[in-house]
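Residues take their numbers from the sequence shown, with the count starting at 1. One-based numbering, in listed order, for ligands and for the atoms of each.
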Amino acid sequence: MVSFNLAPAESESQTRAYDVIVIGGGPGGASAAIYTSRATLKTLVIDKGLSAGALGLTHKIANYPGVAQEVTGAELLQTMRDQAKMFGTEFVQDKVLSVDLASDPKVIFASEGTYTARAVVLATGSMGRATGVKGEAEFLGRGVSYCATCDGAFFKGLDVAVAGNNDEAVEEALHLAKFARKVYLLVPTPGLKVAADLINVLDEHPVIEVRNGIRLREILGEQLVSGVRIAPRNGEESVLPVRGAFVYLQGSKPITDFLQGQVPTNEGGCLIVDEQYQTQVPGVFAVGDLLCNHIKQAVVAAADGVISAMAIERQLSGRATLRPDWS
Ligand SMILES: Cc1cc2nc3c(=O)[nH]c(=O)nc-3n(C[C@H](O)[C@H](O)[C@H](O)COP(=O)(O)OP(=O)(O)OC[C@H]3O[C@@H](n4cnc5c(N)ncnc54)[C@H](O)[C@@H]3O)c2cc1C
């Protein structure tokens, strides 16, 4: 049985009712809200803060289609939110603590209010990773990154370090090698845990230098990253001068704690959605980085949000059984 003891005490009359509540106002949530509001559904986005999510904290973004100039992630996100507001979306800055998704309407408990909705979009992203390395949180977006596809081009001609021992770390090192002058792949274990043919590719690569058994101890810098402190197991520390540190030591963690197990997941803990992004709880949709998508990009999250919004519009207007527009 699920308990909702984190919810503030509020009477029925204080509860605000919406057609759609979007939890998380990143590109996934904001895009969903643009489409549901435009479809005249009363929409509320509850979000912790403009710079609390992956896009909001991104220093520079240069690959969002249609936005040619370099902008900060927060600027791009604010534009999306303004567009949603223009169509009638309401935003509240608050943290969702728990939900009751079995009830009709569904109930959302945030720290400063309780809300109900006929449909819910979960869009809280996957910034729930624990930052383990000293300096990692401090320099995130200022030289520390978890996404070579996003940030690789900013390191053209510079030296960078990639820390990790898995497929993701290798894939990212290979991508970075297209831009960087030198890529140090710092492997904390005695060897990489990847297929032998990949190890051969790395061994022969002119830009990538694999250093096995090396721990990343600290990320150094002032405004931006200027180096990393590294050490072999039980060995002496040294400083590697690099301008970027791509960390793949822990993997990202979808933010789902407030769901308290109410939405089924697969064995890996990922929410299961259908092709319209509906979870196994009817009327509850999930989009963006929260899903275990291989490609974590703002435009992908935005597209997920749009597809979910169009499905919600069909569902709430009693047209759910009609074939989707694109089929
Ligand atoms: C450093 C960095 C650089 C990147 N660079 C690029 C790039 O150049 N190009 C690109 O396309 N992509 C880039 N990405 C990836 C991109 O930012 C993400 O794929 C995208 O932001 C995912 O969108 P989202 O809406 O799923 O989640 P997010 O953008 O993470 O938004 C989630 C939102 O949910 C809110 N939230 C979380 N929990 C709660 C809660 N309990 N209650 C209320 N609100 C909550 C947060 O405040 C946040 O606003 C980058 C990511 C990082 C980390």
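For atom 45 (C) of ligand 1, the closest non-hydrogen atom of the protein is Lys48 CG, 3.7 Å. Looking at atom 47 (O) of ligand 1, its nearest protein heavy atom turns out to be Asp47 OD1, 3.1 Å. Protein heavy atom in closest approach to atom 52 (C) of ligand 1: Thr58 OG1, 3.9 Å. For atom 7 (C) of ligand 1, the nearest non-hydrogen atom of the protein is Cys150 CB, 3.2 Å. Among all non-hydrogen protein atoms, the one lying nearest atom 16 (C) of ligand 1 is Ala298 N, 3.9 Å. Regarding atom 25 (O) of ligand 1, its nearest protein heavy-atom neighbour is Gly28 N, 2.9 Å. In terms of protein heavy-atom proximity, atom 19 (O) of ligand 1 is closest to Asp289 OD1, 3.0 Å. Closest protein heavy atom to atom 27 (O) of ligand 1: Gly125 CA, 3.6 Å.
Glu204 and Asn200 share no donor-acceptor pair across their side chains, judged by distance under 3.5 Å alone. Between the side chains of Gln315 and Gln278, at least one donor N or O sits under 3.5 Å from an acceptor N or O.
Taking distance alone, with nitrogen or oxygen atoms compared against 3.5 Å, Lys95 stays at or beyond that limit from ligand 1. Of the N or O atoms in Ser145, none lie within a sub-3.5 Å distance of an N or O in ligand 1. An N or O contact shorter than 3.5 Å is missing between Ala62 and ligand 1 by distance. At under 3.5 Å, not a single nitrogen or oxygen of Phe258, backbone or side chain, sits near a nitrogen or oxygen of ligand 1.
For the pair Gln93 (side chain) and Lys48 (backbone), a donor-acceptor distance under 3.5 Å is present. Not a single donor-acceptor pair under 3.5 Å links the side chain of Glu218 to the backbone N or O of Arg229. The backbone N or O of Tyr277 sits nowhere less than 3.5 Å from a side-chain atom of Ser308 that would complete a donor-acceptor pair. A side-chain donor-acceptor contact under 3.5 Å links Gln262 to the backbone of Leu101. In this structure, Asp94 contributes its side chain and Glu112 its backbone to a donor-acceptor pair below 3.5 Å.
In this structure, Phe155 and Phe246 have perpendicular ring planes: the angle between them is above 60°, well past the 30° mark.
Of all the atoms in ligand 1, the ones that sit under 4.0 Å from a non-hydrogen atom of Thr124 are 32 (C), 34 (O), 36 (N), 37 (C), 38 (N), 39 (C), 45 (C). Each of the atoms 32 (C), 33 (C), 34 (O) of ligand 1 lies under 4.0 Å from some heavy atom of Ala123. Close approach of ligand 1 to Ala301 is summarised as follows: ligand atoms under 4.0 Å from at least one heavy atom of the residue are 22 (C), 23 (O), 26 (O). Atoms of ligand 1 found under 4.0 Å from any heavy atom of Gly49 (numbered from 1 in listed order, with element): 47 (O), 49 (O). Atoms of ligand 1 lying under 4.0 Å from any heavy atom of Leu55, numbered from 1 in the order shown and given with element: 17 (O), 21 (O), 29 (O). Every atom of ligand 1 is numbered from 1 in the order shown, and the set under 4.0 Å from a heavy atom of Gly26 is 25 (O), 29 (O), 31 (O), 33 (C), 49 (O). Of all the atoms in ligand 1, the ones that sit under 4.0 Å from a non-hydrogen atom of Ala52 are 47 (O). Here is the list of ligand 1 atoms found below 4.0 Å of a heavy atom in Gly288: 26 (O).
To the nearest 0.5 Å, atom OG1 of residue Thr89 and atom CZ of residue Arg81 are 11.0 Å apart.
The closest approach between Gly56 and ligand 1 stays at or above 4.0 Å for every heavy atom of the residue. Assignment of Cys147 to the shell around ligand 1 is not supported, since no heavy atom sits closer than 4.0 Å. In this structure, Val144 has no heavy atom closer than 4.0 Å to ligand 1.
Environment of NZ in Lys95: sparse, with no more than 12 heavy atoms of neighbouring residues, nucleotides or ligands closer than 6.0 Å. Residue Gln69 places its CD atom among more than 12 non-hydrogen atoms of other residues, nucleotides or ligands, all under 6.0 Å distant. For Arg38, the CZ atom sits in a loose shell: 12 or fewer heavy atoms of surrounding residues, nucleotides or ligands are nearer than 6.0 Å.
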- Item | Arg243 vs Phe154, side chain to side chain contact (heavy atoms under 4.5 Å, CB included): CA-CA, chis, key distance, verdict | CA-CA 10 Å; Arg243 300 291 296 281; Phe154 298 126; over 6 Å; no
- Message: As a quick check of understanding, evaluate salt bridge (charged side-chain N to carboxylate O under 4.0 Å, His left out) for Lys42 and Asp19, giving each step before the final call.
- Response: CA-CA 5 Å; Lys42 191 177 178 206; Asp19 292 318; over 6 Å; no
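Counting heavy atoms under 4.0 Å from ligand 1, residue Asp94 touches it through the backbone alone. When non-hydrogen atoms are compared, ligand 1 lies under 4.0 Å from the side chain of Asn63 (C-beta onward) but not from its backbone.
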